Engineer: 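The structure is given below, and queries will be raised subsequently.
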Amino acid sequence: MLLAFTVFVLARHGLKKPDLPVCIIKKWPLYVFLAGLAGFAGAEYFLRINIVSCIFMGLAVYGCLGFFTGQRLWQNALYFALLFFLCLPLSYHVEIFIGFPLRLLSAKAAQLVLSPLGGGVYSTETILIMENAAANVDLPCSGVKSLFSMAVFSLLFSIMEKCRMNAAWICVFLANCLLAALGNVIRIIALVALCRADVADSVKEALHVPLGMLAFVGACFMARHMLKTFCAASAPIRENGTEHYDTAQPHERRNSAHSSSSLKDCALVAAILLAFICLTKANTAQTPPKKHPPLAVKSAGSLPLSAAEAGLFLRHGVISYDKATFSMHGCQGSAFVVLARSWRGHHHPEQCLRSEGHVMEQSEIITIRADPSHALPDGNKNGNKEFHMRMVTIKDSSNILLYWFQSKTGNTCDYAARLWRGLLAPEQPHAMVSIYLENGKAVSPEILAYIAETFFQRAKAMLEDGKNTAPPLSAIP
């Protein structure tokens, strides 16, 4: 289709030299261009997260377009660029990099508000522990959907009202997003207060959606008021007795001075890009792949790694692993323990289920409380030994999946928390424990607790040794 369109344009307009736009370096597009390049380099050197690198590169491309368009047109194009960005399928990444911090903020805010009222509410990451119940601020309660809807509302309203893109609009846009996040935090605090008051589950379910809608509608009204007050359409420019907006293209106003300066500007941009590319390639050449320790020898009767698992381990330097079947108190299943420093060496167990064609029926966090003599993580404020793991039930099947991520300082059953721990402390090793139980829906809670404690000890031994010298899974009684 592109080739046919090109042939049509050439046939219609001939092969004469096209009237190309002039490249004129402007202050703000140059700042955006350099910020995008710097952010891309920083993401590649330190974070190594592809989606973050792509966002910064898109920002650099947008800044580069400002060299070829008028200032007004370049600013207004940002509305449509942001709308296009919001249409991209980035929900999974947004839930991890934005949703998890919002869930932490909501849990901490609920603790700060409700603790002075009595009842001993405290939070462990996104889990709120109370005297008579526990509540988890899970993915649907992160507020990401409210932020997305507020961003789309603000952009569409700005386009309809012809709001000018400037510093005031950016401040109002950020304030609108904060209002949406604050409304979601207030909703979570109200729901946790109802949970602590032992309100019936039917009442909490009935109030869950209306509270969210009420907070979002209130935030939309505030956003509309602020946009109309602080970001009204700017007055047109007066020149020679006529009024117009500065949407003219540079090539429509070029002259000999612009033509001479454009060569210098193009040379400057080309030099910046060349230096950036050379710097990136030089860094890649000077950093050879690390020779990771060899993977542990599989024990007799253990399960072989799949091709995808082996490739993942070799690329991201998994320290050791153990994958085997087991039989425990009449329960049959398989377990997978992976010790790695980089968060890239661990995968999301639920995504693994989806890739195999399974449909998840329910995913919930369960708490294992054991005797003080058991070597579980540090006790909570009540002195009980406990830890949390996630249980996933599979639709049209009696099998279940149990998993958590464990380190020497604690454990989490949230993959987003594991990723953020890896970003903040990249050298701290973690063990991923994934247990697949056949007919697990019929297993009693006591047996589930025993199985979880057994594999917790297995992962703990691997973490303390730093390599797979602990007894293999097949040797566990």
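Small disclaimer: the values here were computed from a predicted structure and weren't measured.
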Engineer: For Ala151 and Leu86, work out which heavy atoms get closest and say how close.
Structural biologist: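 That closest heavy-atom pairing would be CB-CD1, 3.9 Å.
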
Engineer: Ignoring hydrogens and geometry, is there a side-chain-to-backbone donor-acceptor pair from Thr393 to Gln362 under 3.5 Å?
Structural biologist: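 Answer holds: yes.
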
Engineer: Does the side chain of Leu437 reach to within under 4.5 Å of the side chain of Leu448, using non-hydrogen atoms?
Structural biologist: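 Yes, their side chains come closer than 4.5 Å.
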
Engineer: Got a donor-acceptor contact below 3.5 angstrom from the Asn399 side chain to the Gly440 backbone?
Structural biologist: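 Pair absent, no side-chain N/O of Asn399 close to backbone of Gly440.
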
Engineer: Look up atom CZ in Arg187 and atom OG in Ser106, then write down how far apart they are to the nearest 0.5 Å.
Structural biologist: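 If we round to the nearest 0.5 Å, Arg187:CZ and Ser106:OG are 8.5 Å apart.
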
Engineer: What residues, two or more places apart in sequence or in another chain, satisfy ring pair (Phe, Tyr, Trp, His ring centres under 6.0 Å) together with Tyr62?
Structural biologist: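 Checked Tyr62 against ring pair (Phe, Tyr, Trp, His ring centres under 6.0 Å); matches are Trp74.
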
Engineer: Report the residues that fulfil ring pair (Phe, Tyr, Trp, His ring centres under 6.0 Å) with His347, sequence neighbours left out, ordered by chain and then residue number.
Structural biologist: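 Result, ring pair (Phe, Tyr, Trp, His ring centres under 6.0 Å) vs His347: none returned.
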
Engineer: Please report the shortest heavy-atom distance between Ala431 and Ala459, naming the atom on each side.
Structural biologist: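 What the structure gives for the nearest pair is CB-CB, 3.9 Å.
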
Engineer: Are any of the side-chain heavy atoms of Leu178 and Leu182 separated by less than 4.5 Å?
Structural biologist: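 No, their side chains stay 4.5 Å or more apart.
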
Engineer: Looking at side-chain heavy atoms only, is the closest gap between His430 and Trp343 below 4.5 Å?
Structural biologist: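 They are not in contact (no side-chain heavy atoms under 4.5 Å apart), so the answer is no.
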
Engineer: What heavy-atom pair brings Ser397 and Lys441 nearest, and what distance separates the two atoms?
Structural biologist: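 Here Ser397 and Lys441 meet closest at O-NZ, 2.8 Å.
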
Engineer: Between atom CG of Leu211 and atom CG of Leu194, what is the distance when rounded to the nearest 0.5 Å?
Structural biologist: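 If we round to the nearest 0.5 Å, Leu211:CG and Leu194:CG are 7.5 Å apart.
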
Engineer: Without hydrogens or angle criteria, can the side chains of Ser154 and Asn176 be said to hold a donor-acceptor pair below 3.5 Å?
Structural biologist: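 Asn176 and Ser154 do have a side-chain donor-acceptor pair below 3.5 Å.
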
Engineer: Taking all atoms of both residues into account, what is the closest heavy-atom pair of Val185 and Ala109, and its distance?
Structural biologist: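 Closest approach of Val185 to Ala109: CG1-CB, 3.7 Å.
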
Engineer: Between Ile365, Asp414, Ile435, which is the residue that forms a side chain to side chain contact (heavy atoms under 4.5 Å, CB included) with Trp404?
Structural biologist: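 The residue from Ile365, Asp414, Ile435 that satisfies side chain to side chain contact (heavy atoms under 4.5 Å, CB included) with Trp404 turns out to be Ile435.
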
Engineer: Rounded at 0.5 Å granularity, tell me how far NE2 in His225 sits from CG in Leu227.
Structural biologist: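 Rounded to the nearest 0.5 Å, the NE2-CG separation comes out at 10.5 Å.
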
Engineer: Which label fits Trp420 and Phe97: parallel for a plane angle under 30°, tilted from 30 to 60°, or perpendicular past 60°?
Structural biologist: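 Correct class here is perpendicular.
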
Engineer: For Ile394 and Leu401: C-alpha separation, side-chain torsions, deciding distance, then whether side-chain contact (heavy atoms from CB on, under 4.5 Å) applies.
Structural biologist: CA-CA 8 Å; Ile394 303 172; Leu401 173 70; 5.6 Å; no

Engineer: Got a sec, which residues hit side-chain hydrogen bond (donor to acceptor under 3.5 Å, both in side chains) with Ser434, two or more places apart in sequence or on another chain?
Structural biologist: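 side-chain hydrogen bond (donor to acceptor under 3.5 Å, both in side chains) check on Ser434 returns nothing, list empty.
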
Engineer: Can a side-chain donor-acceptor contact be found between Arg390 and Ser363 if the only test is distance below 3.5 angstrom?
Structural biologist: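 Their side chains do contain a donor-acceptor pair, which is all the 3.5 Å distance test asks for.
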
Engineer: For residues 51-58, which side-chain N or O atoms pair as donor and acceptor with protein atoms under 3.5 Å away, sequence neighbours left out?
Structural biologist:
from  : atom 1 : to    : atom 2 : distance (Å)
Ser53 : OG     : Glu44 : OE2    : 2.7
Ser53 : OG     : Ile49 : O      : 3.3

Engineer: Could you tell me whether the side chain of Asn184 and the main chain of Gly212 form a donor-acceptor pair under 3.5 Å?
Structural biologist: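 It does not hold such a pair.
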
Engineer: With side-chain contact (heavy atoms from CB on, under 4.5 Å) as the criterion, how do Val137 and Leu102 come out once you've worked through the C-alpha distance, each side chain's angles and the decisive distance to 0.1 Å?
Structural biologist: CA-CA 10 Å; Val137 185; Leu102 288 176; over 6 Å; no

Engineer: Go through the structure and list residues passing ring pair (Phe, Tyr, Trp, His ring centres under 6.0 Å) with Tyr31, not counting sequence neighbours.
Structural biologist: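 Partners of Tyr31 under the ring pair (Phe, Tyr, Trp, His ring centres under 6.0 Å) test: Trp28.
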
Engineer: Rounded to the nearest 0.5 Å, how far does CD1 of Ile186 lie from CG of Leu191?
Structural biologist: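 Answer for the CG-CD1 pair, Leu191 versus Ile186, is 12.0 Å.
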
Engineer: Whether the side chain of Lys26 engages the backbone of Thr69 through a donor-acceptor N/O pair (distance < 3.5 Å, no angle test) should be reported.
Structural biologist: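 Yes; at least one donor-acceptor contact below 3.5 Å.
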
Engineer: How long is the span from the CG atom in Leu112 to the CG atom in Leu105, to the nearest 0.5 Å?
Structural biologist: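 The CG atom of Leu105 is 9.5 Å from CG of Leu112, to the nearest 0.5 Å.
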
Engineer: Does Pro29 reach the side chain of Gln71, with side-chain heavy atoms less than 4.5 Å apart?
Structural biologist: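 The answer is yes; the side chains approach within 4.5 Å.
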
Engineer: If you take all heavy atoms of Leu147 and Cys177, which pair is closest and at what distance?
Structural biologist: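 Looking at all heavy atoms of both residues, the shortest contact is CD2-O, 3.2 Å.
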
Engineer: Identify the heavy atoms of Arg421 and Gly410 that sit nearest to each other, and give their distance.
Structural biologist: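 Nearest heavy atoms, Arg421 then Gly410: NH1-O, 3.8 Å.
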
Engineer: Can you find a heavy atom in the side chain of Cys220 that is under 4.5 Å from one in the side chain of Met150?
Structural biologist: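 The answer is yes, as the side chains (C-beta and beyond) meet within the 4.5 Å cut-off.
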
Engineer: Could you please spell out the steps behind the side-chain contact (heavy atoms from CB on, under 4.5 Å) verdict for Leu339 and Val318?
Structural biologist: CA-CA 6 Å; Leu339 180 63; Val318 169; 5.6 Å; no

Engineer: Evaluate whether atom CE of Met213 has more than 12 neighbouring non-hydrogen atoms of other residues, nucleotides or ligands under 6.0 angstrom away.
Structural biologist: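 No, the 6.0 Å shell around CE holds no more than 12 heavy atoms from other groups.
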
Engineer: With sequence neighbours excluded, tell me which residues meet ring pair (Phe, Tyr, Trp, His ring centres under 6.0 Å) with Tyr79.
Structural biologist: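 Scan of Tyr79 (ring pair (Phe, Tyr, Trp, His ring centres under 6.0 Å), adjacent residues dropped) gives Trp169.
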
Engineer: Checking Phe336 against Tyr403 for the side-chain contact (heavy atoms from CB on, under 4.5 Å) test, could you report, in this order, the C-alpha distance in whole Å, the side-chain angles of both residues, the deciding distance, and whether it holds?
Structural biologist: CA-CA 9 Å; Phe336 199 10; Tyr403 71 88; over 6 Å; no

Engineer: Supply the atom-to-atom distance Arg418 CZ to His346 NE2, rounded to the nearest 0.5 angstrom.
Structural biologist: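 Rounded to the nearest 0.5 Å, the CZ-NE2 separation comes out at 5.5 Å.
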
